[in-house]
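Attaching a single structure in structure tokens format; questions to follow.
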Amino acid sequence: MKLDISKLTTKEEALARLFAAWTPELQTETVPLAEAAGRVLAEEPRAQYNIPLVRASAMDGVAFPYHLVEHGVPDTTQWRIGAEYVRADTGDDFPDAYDTVIPIEEVTILPEGGLVFAPGTVFRRGSNVHPSGSQVKSGELLAARGTVLNASDIAAIGKGGYARVTVVRRPRVAFVPTGTELVAPGTPITRGKNYDTNSVMAEILLREMGAEPVLRPILIDDPDALRQTLSALLEETDIVILNAGTSMGDEDYCGHLLEESGNLLFHGVAAVPGRPLGAAIIQNKPVLNISGPAIAALHGLEWIVRPVVARALGIPTPQRPSVQAVLTADVNADEVSKFIRMEVARGVDGIYYATPLAPHGPNAAPFGRLMSANGYYMTIPVKPGESAPRAGETIPVTLLRSVETIPEKSI
């Protein structure tokens, strides 16, 4: 029987259903500033003090009372440190009797203790002095709630007088590889077995998304064991990902489990690879069932898990960098959205070029090349009579590595 594509849920519809059915409760925790990088700010910290508290020198120099030069520069060779002037280094406070600073480059300090100002030195009351609160004013906002904190954000919060900061607790995301055929990498492979590489890929990507991964051992295809595992994880974690068992095979128990829960939102999306993907909300927690093949699992982690984790953190979905690239070959597209791995290179002409890689068929790319490709393209469903992107056309390619790492090639 031919699959009726029109009855499958689109990615957009799938996410809309999921988000309409699930409102996460944001939990917070307080962490030291040094541990706050990459965390989502859960408060609006405001400066506790003026910085500088009173005033500070804007540069290395000498400070003196302006009234000494107000009516003309006297014989400064007789001045003495601690009396007519003091040294004032950048950022330093100095006694209140001194209100003006001249840069040290314009001053010669004499062996006897006096000094001489360079010809042409300009004297203005209060010059080169930062007043109280000129850097930070007490009560000013240091960073906005919802900011994903970086080093400079954290420095700003520290400048406001804080040693710790309140952030959104990382959602605990369980990843459960299922399949009697699976073995851990490093295990000698035998007939009928396959390596579980999705767990390590998911762990790395989940950390990148801002989640706390909870990796479970490989679970054999047993419905009772699956129910028990899911029940336990719903108590321990915030989001559960079941990997494999999504389709309609004899041992595809994960998909059946979501259906029997009574909270199934969808089972099957108009996108490949990974079309049988399903989702349910159980105990107000998303349970996602993504397909087993590595490319399908990567696809699922990118298009549904990434926005789900972002929602759990209370932030917009972070967007990966992208470039406009010229296709070097035709793209195979049809009525469903396709996740196509792309090798992106920069030509000697400075233009980016993208080469689509086939996951199967006579021209299939080797697995290592497919998985290490530096970008991907999501096709738009093509209706009968429409054409897919062709060689020579420019398309947007999402990057899985930084723009700086794109190799230069003669194309």
Discussion item. Taking the cut-offs as 6.0 angstrom to the six-membered ring centre and 45 degrees off its axis, would you call R346 and Y353 a cation-pi pair?
Written reply: no
Worksheet item: Has the side chain of T187 got a donor or acceptor atom that lies under 3.5 Å from a matching backbone atom of V183?
Response: no
Worksheet item: Is the backbone N or O of R227 less than 3.5 Å from a side-chain atom of D224, with the two atoms forming a donor-acceptor pair by type?
Response: no
Worksheet item: Is any side-chain heavy atom of M342 closer than 4.5 Å to a side-chain heavy atom of Y376?
Response: no
Worksheet item: When you measure from the side chain of N263 to the backbone N and O of I282, does any donor-acceptor pair fall under 3.5 Å?
Response: no
Worksheet item: Can E212 and R169 be counted as an ion pair, charged N to O under 4.0 angstrom?
Response: no
Practice prompt. Inspect the contact between R170 and E29 and indicate whether a charged nitrogen and a carboxylate oxygen are less than 4.0 angstrom apart.
Written response: no
Discussion item. Go through it in stages, so that I can follow the logic: the residues are Q135 and H130, the test is side chain to side chain donor-acceptor pair (under 3.5 Å), and I'd like the CA-CA distance, side-chain angles, deciding distance and then a yes or no.
Written reply: CA-CA 8 Å; Q135 292 184 32; H130 289 313; 5.3 Å; no
Item to complete: Let me see the working for N50 and S138 under side chain to side chain donor-acceptor pair (under 3.5 Å), right down to the final yes or no.
Response: CA-CA 5 Å; N50 278 345; S138 177; 5.0 Å; no
Discussion item. Counting neighbours of CZ on R124 that are heavy atoms of other residues, nucleotides or ligands and sit closer than 6.0 Å, is the number greater than 12?
Written reply: no
Worksheet item: Counting only heavy atoms not in K193, do more than 12 fall under 6.0 Å of its NZ?
Response: yes
Discussion item. Let's go through R320 and E302 carefully: what are the C-alpha distance in whole Å and the side-chain angles of both, what is the deciding distance for salt bridge (charged side-chain N to carboxylate O under 4.0 Å, His left out) to 0.1 Å, and is it a yes or a no?
Written reply: CA-CA 10 Å; R320 291 192 179 277; E302 282 292 304; 2.9 Å; yes
Discussion item. Using side-chain contact (heavy atoms from CB on, under 4.5 Å), reason through V269 and T10 one step at a time and then give a plain yes or no.
Written reply: CA-CA 5 Å; V269 290; T10 66; over 6 Å; no
Practice prompt. Mark yes when over 12 heavy atoms from residues, nucleotides or ligands other than Q283 sit less than 6.0 Å from its CD; otherwise mark no.
Written response: yes
Worksheet entry | D93 side chain to A56 backbone, donor-acceptor under 3.5 Å | no
Item to complete: Start with the C-alpha gap between T355 and T328, add the side-chain angles, then the distance that decides, and say whether side chain to side chain donor-acceptor pair (under 3.5 Å) holds.
Response: CA-CA 5 Å; T355 300; T328 63; 2.8 Å; yes
Worksheet item: Any chance the side chains of T166 and T30 put a donor and an acceptor closer than 3.5 Å?
Response: yes
Practice prompt. Examine distances only and state if a side-chain atom of R341 and a backbone atom of A373 form a donor-acceptor pair shorter than 3.5 Å.
Written response: yes
Discussion item. Between D153 and T147, does the side chain to side chain donor-acceptor pair (under 3.5 Å) criterion hold? Intermediate values first, please.
Written reply: CA-CA 9 Å; D153 299 322; T147 300; 5.7 Å; no
Worksheet item: Judged by atom type as modelled, is there a donor-acceptor pair below 3.5 Å linking the side chain of T237 to the main-chain atoms of L234?
Response: no
Discussion item. What I want to find out is whether D238 reaches K285 closely enough, with some N-O distance under 4.0 Å, to be called a salt bridge.
Written reply: no
Worksheet entry | Side-chain donor or acceptor of T180 paired with backbone N/O of D221 under 3.5 Å | yes
Worksheet item: For the residue pair W79 and F64, is the inter-centroid distance of their aromatic rings smaller than 6.0 Å?
Response: yes
Worksheet item: In Å, rounded to the nearest 0.5 Å, how long is the span from CG of L142 to CG of L41?
Response: 9.5 Å
Discussion item. Tell me whether D334 contacts the main-chain N or O of V336 through its side chain, where contact means a donor paired with an acceptor under 3.5 Å.
Written reply: yes
Worksheet item: Between P273 and I295, is any pair of side-chain heavy atoms under 4.5 Å apart?
Response: yes
Worksheet entry | Main-chain N/O of Y98 paired with D96 side-chain donor or acceptor, under 3.5 Å | no
Worksheet entry | Spacing of CD1 belonging to I154 relative to CD1 belonging to I157, to within rounding of 0.5 Å | 7.0 Å
Item to complete: Work out which heavy atom in P185 is nearest to a heavy atom in T197; give both atom names and the distance.
Response: CG-CG2, 4.4 Å
Worksheet item: Is the shortest distance from a Lys or Arg side-chain nitrogen in R306 or E208 to a carboxylate oxygen in the other one below 4.0 Å?
Response: yes
Fill in: Exam field: side chain T379 to backbone K338, donor-acceptor pair closer than 3.5 Å
yes
Item to complete: Could you tell me whether F117 and F123 have their ring centroids closer than 6.0 angstrom?
Response: yes
Worksheet item: Taking atom CD1 of I380 as the centre, does the number of heavy atoms from other residues, nucleotides or ligands within less than 6.0 Å exceed 12?
Response: no
